[in-house]
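Not measured: the values here are computed from a predicted model. As the structure lists them, so they are numbered: ligands from 1, and atoms in each ligand from 1.
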Amino acid sequence: MRQPSIMLLLLLPLLFSAPSTSTPRDFDFFYFVLQWPGSFCDTKKSCCYPATGKPTADFSIHGLWPNYADGSYPSNCDRQNAYDASQIADLMESLRSHWPSLACPSDDESTFWKHEWQKHGTCSESVLDQHAYFGAALRLRAQINLLQALQDAGIKPDGGLYSSADISSAIRNSTGFEPKLGCNADGGGNRQLYEVSMCVDAKGERLIECPVSSISNCPSRVEFPQF
Ligand SMILES: *[C@@H]1O[C@H](CO)[C@@H](O)[C@H](O)[C@H]1NC(C)=O
C-alpha cells in the first residue's frame, strides 16, 4: 500500500472539522438601511415619538442586515444570544440620536434595538458581538451624510417631487456607491422616499458595490416629505 502523501495527512483534520449544522452559513455582505422619519410618520399608520421627543429631521438607522450574495438573508440565528442593554450602555446616547424608534405605541426605547439584534444581529455574531454590531452601525451612519448629499444636489425635504435617478446620483456622487432606494406611500397614496440601503462589507466596516442587483420599488419621481 502506498503511503498517503504528507499533503493529505495535513489536510485530513480540515476535512473532518466541518462546522456544526446549527451554525448559519457565512453571510456575504450587509445592507445598511437608513430611513427618512418624515416618510415613516406621514403614512396612514402614523408614528409615535420616543420618550426623548421628536427626533432630528435627518436620516436615521433602520438596521444593519446580513445578506447572502444570492439575495436571500438569514434571520433569528441565535435565540441564546439575547439582547443585553448593559453591553451597549456607552452607545445609548448615540443610539437615541441616530437609531430612534418611531413605532406606535411609543415603547420602551430598546424594543427596536432588541428586535434588530435578535432578527439580524445574531446572524453576524461570528464577526460582530453586540457592542461591535451597534458600534458598526453608528460608525457607518457617521460616515454617510445622506441629507447633506441630497441638499447639495438641490434635493430637499420640502414635500416636493424629485427624480429617483437624481436622488441615486446625488448619493453615488457623495458616497462613491450606488444606493438602493425604497419607497412607501404617504396618507394620500403618493409614493415617497422612505429608505436608502447601502451595501457594506461582511466586517461591517466599509461601503462596497452591492453584490446583488437591486430592484427599487420607487417610481421615477418621488416625494421627499418634510419632518
Ligand atoms: C453627479 O455627478 C455628475 C458628474 O459630476 C453630475 O453630472 C451629476 O449632475 C451629479 N448628480 C447630481 C444629482 O448632482
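Atom 11 (N) of ligand 1 has as its closest protein heavy atom S169 OG, 2.7 Å.
Of the protein's heavy atoms, at least one falls inside 4.0 Å of atom 14 (O) of ligand 1. Counting only heavy atoms, the protein gets under 4.0 Å from atom 2 (O) of ligand 1. Distance check on atom 5 (O) of ligand 1: every protein heavy atom falls at or beyond the 4.0 Å cut-off.
Here the straight-line distance linking atom CD of E116 with atom CD1 of I61 works out to 10.0 Å at 0.5 Å rounding.
Atoms of ligand 1 lying under 4.0 Å from any heavy atom of D166, numbered from 1 in the order shown and given with element: 13 (C). Which parts of ligand 1 touch A170 is read off a 4.0 Å heavy-atom cut-off, strictly below it: atoms 13 (C). Using a 4.0 Å cut-off to heavy atoms of A153, the atoms of ligand 1 that qualify are 13 (C), 14 (O).
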Problem set entry | Residue pair Q192, D42: steps toward the side-chain hydrogen bond (donor to acceptor under 3.5 Å, both in side chains) verdict | CA-CA 10 Å; Q192 57 183 357; D42 71 356; 2.7 Å; yes
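The SG atoms of C183 and C218 lie less than 2.5 Å from each other.
Ring centroid separation for the pair Y31 and W65 does not come in under the 6.0 Å cut-off.
In terms of polar-atom proximity, N173 is counted as a contact of ligand 1, with an N or O under 3.5 Å from an N or O of the ligand.
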